[in-house]
Colleague: 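Before we start, here is the structure in question, set down as structure tokens.
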Amino acid sequence: MNILLLGSGGREHAFAWKISQSPRCTKLFIAPGNAGTARCGENVSISATDFAAIEKFVTENDIHLVAVGPEDPLVKGIYDYFIARPHLSSIPVIGPSQKGAMLEGSKDFAKQFMKKYHIPTAAYRTFDAANLPEGLRFIDEQTPPIVLKADGLAAGKGVLICATREEAKDALRDMIENAKFGSAGARVVIEQFLKGIEFSVFVLTDGKSYAILPTAKDYKRIGEGDTGLNTGGMGCISPVPFADAAIMRRVEDRIVRPTISGLQQEGIVYKGFLYIGLMNVAGDPYVIEYNCRMGDPETEVVFPRIKNDLVELLLAVAHEQIGSITLQTDERATATVIVASGGYPGDYAKGKVIHGLEHLALRSDTIVFHAGTKDENHHIVTNGGRVLAVTSYGKSIQEAVARSNEAIAHIHFEGMYYRRDIGYEFR
Ligand code: AMP
Ligand code: GLY
């Protein structure tokens, strides 16, 4: 079968790497892809949110399945776009409906959903221009730190953790009155600060049943020791050592099952990946956020630990048979270390030639996933803030991280930066 994958980051290279290993995949296309996905299939220069161009491509190239990497096409309703058109409606899109994607697209929607279905999450209230004065008074009643979240998609920047009430009030005014995050911040969720350790759980669901994928923990800050600005993620490990059987049972009973049955009760179609960001508060898991897709760089550690054929898993989602699948996972740990452009997450240069990748091509326990790269004049050059995700296997997290760090020593481009301390708390 012919498959179209949407997206262009490290996550999509990991999808493409896994899909291209499947005997069921005849031809894989990636729109728009990067220099790494080009080695797993054929890149097509179509934006992941250009539905009309995707429609034309799918029709002309006999595509049988569409897998969606990033949230944008899902939040914009690609699932519904296909369902609404008779010539597309039989082609499965792996990802939730537009309503389902609101679990990520609107923090307020996600909080209301969790409240209704008694899913553990931080206590909250939502404010907008109509009740801003009430919001300011509400802040006065809180004990800092105070967490403010722009309701809509804000490219991972919409969450502010304010150390004082004054800071929180300024931030609330900035979002609502001065449109700090554009329309995404016109409504703001203010919630209780949860103290604990974060980790992530990934669910692949057909809307009725589900499979829980390996856990992961990402490292969001730019600097070693978790310092400096937030990024999309500078590294990741799997499995999460403290997410033992007892915690995972609580996650399944209190969060995964009520979420899937809540979606059903709401009549929301959800056939795809659900990323649940959790806070482990003294052994009790709380939902920090839902994402309607896999994570990046989480995919780069989770997929290498899944032994099943990914195309079979995606087809099981399409055919509502995920309940009959047994997930087989690799016992080894994985770690990925992001190699970034100097300056990221602020301004950074593009077009720098990446040297040394050929030294890593034949390693059996290291995989170099491309995040922001492109082919230019027979060279692979940088094309984003996060450039590569270097994933390794190991008997332990420590061994996997050491392997990735050693591999990165063979790579060079001007201004490259990476964190050497991924997984530091598990050493
Ligand atoms: P999000 O964009 O929702 O993932 O939030 C970004 C980061 O803010 C999370 O990864 C957490 O580190 C932190 N965060 C969000 N909500 C809370 C909360 N209620 N309590 C403590 N930290 C939080
Ligand atoms: N690494 C965080 C995310 O994909 O949302």
Side-chain angles (χ1 to χ4, degrees), residues 1-22 24-85 87-98 101 104 153 155 232 271-273 291-297 299-300 303 310-311 313-315 317-318 350 369-376 380-389:
M1 63 191 298
N2 299 331
I3 298 173
L4 174 65
L5 168 67
L6 302 182
S8 63
R11 167 182 48 215
E12 286 72 25
H13 189 186
F15 266 86
W17 168 81
K18 191 87 177 115
I19 289 173
S20 64
Q21 290 166 31
S22 169
R24 307 186 72 140
C25 177
T26 316
K27 212 149 183 223
L28 171 65
F29 298 95
I30 309 97
N34 61 36
T37 63
R39 276 132 187 97
C40 306
E42 188 180 325
N43 287 349
V44 288
S45 76
I46 294 175
S47 150
T49 50
D50 186 347
F51 294 176
I54 292 167
E55 174 178 7
K56 187 162 178 283
F57 185 85
V58 162
T59 314
E60 288 174 357
N61 291 277
D62 194 23
I63 298 296
H64 302 109
L65 182 109
V66 180
V68 185
E71 63 276 18
D72 287 5
L74 296 165
V75 173
K76 293 199 167 110
I78 189 154
Y79 181 93
D80 311 70
Y81 188 94
F82 269 62
I83 288 292
R85 289 167 175 74
H87 62 291
L88 298 179
S89 62
S90 64
I91 302 167
V93 173
I94 306 303
S97 65
Q98 188 165 27
E104 173 165 3
L153 289 184
K271 292 180 166 201
F273 293 93
N291 292 313
C292 62
R293 51 169 174 88
M294 278 301 292
D296 190 355
T299 310
E300 293 95 299
F303 280 10
L310 181 58
V311 176
L313 293 178
L314 301 180
L315 285 171
V317 168
K350 285 186 184 178
F369 292 117
H370 291 219
T373 66
K374 68 174 183 181
D375 285 299
E376 199 173 79
I380 295 177
V381 303
T382 66
N383 193 38
R386 293 188 294 172
V387 176
L388 303 167

Colleague: Does Ile380 form a side-chain contact (heavy atoms from CB on, under 4.5 Å) with Asp375? I'd like the steps, not just the answer.
Modeller: CA-CA 5 Å; Ile380 295 177; Asp375 285 299; 3.6 Å; yes
Colleague: Is a donor on one side and an acceptor on the other found under 3.5 Å between the side chain of Asn34 and the backbone of Gly372?
Modeller: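 The answer is no, because no donor-acceptor pair under 3.5 Å joins these two groups.
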Colleague: Can you confirm whether Glu104 sits close enough to Pro96 that some side-chain heavy atom of one is under 4.5 Å from a side-chain heavy atom of the other?
Modeller: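 The answer is no, as the side chains (C-beta and beyond) never meet within the 4.5 Å cut-off.
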Colleague: Centre of Tyr81's six-membered ring, under 6.0 Å away, within 45 degrees of the axis: is that where NZ or CZ of Arg85 sits?
Modeller: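 Yes, Arg85 lies over the aromatic ring of Tyr81.
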Colleague: Between NZ of Lys350 and CD of Glu376, what distance do you get to the nearest 0.5 Å?
Modeller: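 One finds 11.5 Å between NZ of Lys350 and CD of Glu376.
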Colleague: Grab the two heavy atoms, one from Ala67 and one from Leu314, that are nearest each other, plus how far apart they are.
Modeller: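 So the two residues come closest at CB-CD1, 4.3 Å.
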Colleague: Within the structure provided, determine whether His370 and Leu388 are in side-chain contact (heavy-atom separation under 4.5 Å).
Modeller: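 SC-SC contact between His370 and Leu388 confirmed.
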Colleague: Output the distance between atom CG (Leu5) and atom OG (Ser20), rounded to the nearest 0.5 Å.
Modeller: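 Going from CG on Leu5 over to OG on Ser20, the span is 10.5 Å.
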Colleague: Test your reading of the model: is there a side-chain donor-acceptor pair from Thr373 to the backbone of Ala35, 3.5 Å cut-off?
Modeller: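 The answer is yes, because a donor-acceptor pair under 3.5 Å joins these two groups.
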Colleague: Are the side chain of Gln21 and the backbone of Trp17 linked by a donor-acceptor contact shorter than 3.5 Å?
Modeller: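 Answer holds: yes.
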Colleague: Taking Gly9's backbone N and O only, do any of them form a donor-acceptor pair with Glu12's side chain (distance below 3.5 Å, no angle check)?
Modeller: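 Yes, because the side chain of Glu12 sits within donor-acceptor range (under 3.5 Å) of the backbone of Gly9.
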Colleague: Looking only at heavy atoms, what is the nearest atom pair of Ile94 and Gly272, with distance?
Modeller: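 Closest pair (atom of Ile94, atom of Gly272, distance): CG2-CA, 4.1 Å.
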Colleague: Say you draw a straight line from OG1 of Thr49 to CG of Leu74; how long is it, rounded to the nearest 0.5 Å?
Modeller: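 Result: 11.5 Å between the selected atoms.
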Colleague: If you take all heavy atoms of Pro92 and His64, which pair is closest and at what distance?
Modeller: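 Taking every non-hydrogen atom into account, CD-O, 3.2 Å.
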Colleague: Using the rule given for side-chain contact (heavy atoms from CB on, under 4.5 Å), can you reason through Leu4 versus Leu6, listing the C-alpha separation, both sets of side-chain angles and the distance that settles it, and then say yes or no?
Modeller: CA-CA 7 Å; Leu4 174 65; Leu6 302 182; 3.9 Å; yes
Colleague: Rounded to the nearest 0.5 Å, how far apart are CG of Leu28 and SG of Cys40?
Modeller: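 Result: 7.5 Å between the selected atoms.
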Colleague: Would you give the length of the straight line joining atom OG1 of Thr26 to atom CG of Asp62, rounded to the nearest 0.5 angstrom?
Modeller: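 Here the interatomic distance stands at 9.0 Å.
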Colleague: Taking the side chain from Ser8 and the backbone from Gly33, do they hold a donor-acceptor pair closer than 3.5 Å?
Modeller: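 No: the side chain of Ser8 does not pair with the backbone of Gly33.
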Colleague: Just how far is it from atom CZ of Phe29 to atom CD1 of Ile3, taken to the nearest 0.5 Å?
Modeller: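 The CD1 atom of Ile3 is 11.0 Å from CZ of Phe29, to the nearest 0.5 Å.
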Colleague: Would you confirm whether the ring centroid of Phe15 sits within less than 6.0 angstrom of the ring centroid of Phe273?
Modeller: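 Ring centres of Phe15 and Phe273 closer than 6.0 Å.
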Colleague: I'd like to check Ile46 versus Lys56 (side-chain heavy atoms, cut-off strictly below 4.5 Å). Are they in contact?
Modeller: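 No, every pair of side-chain atoms sits at 4.5 Å or beyond.
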Colleague: Would you say Met1 and Val311 make side-chain contact, with heavy atoms under 4.5 Å?
Modeller: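 Side-chain contact under 4.5 Å: yes.
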Colleague: Identify the heavy atoms of His13 and Phe369 that sit nearest to each other, and give their distance.
Modeller: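 Taking His13 first and Phe369 second, the nearest heavy atoms are ND1-CA, 3.2 Å.
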Colleague: Do you know which two heavy atoms are closest between Leu310 and Lys18, and how far apart they sit?
Modeller: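 In this case the closest contact between Leu310 and Lys18 is CB-CG, 3.5 Å.
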Colleague: Given Glu55, which of Leu88, Ile78, Asp50 fulfils the side-chain contact (heavy atoms from CB on, under 4.5 Å) condition?
Modeller: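 Passing option: Leu88.
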Colleague: Mind jotting down which residue pairs meet the salt bridge (charged side-chain N to carboxylate O under 4.0 Å, His left out) criterion with at least one end in residues 64-84? Sequence neighbours excluded, please.
Modeller: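 Qualifying pairs, neighbours excluded: Glu71-Arg293.
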Colleague: Mind listing the closest non-hydrogen atom pair of Ala14 and Thr299 along with its distance?
Modeller: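 Minimum heavy-atom separation between Ala14 and Thr299: CB-CG2, 3.9 Å.
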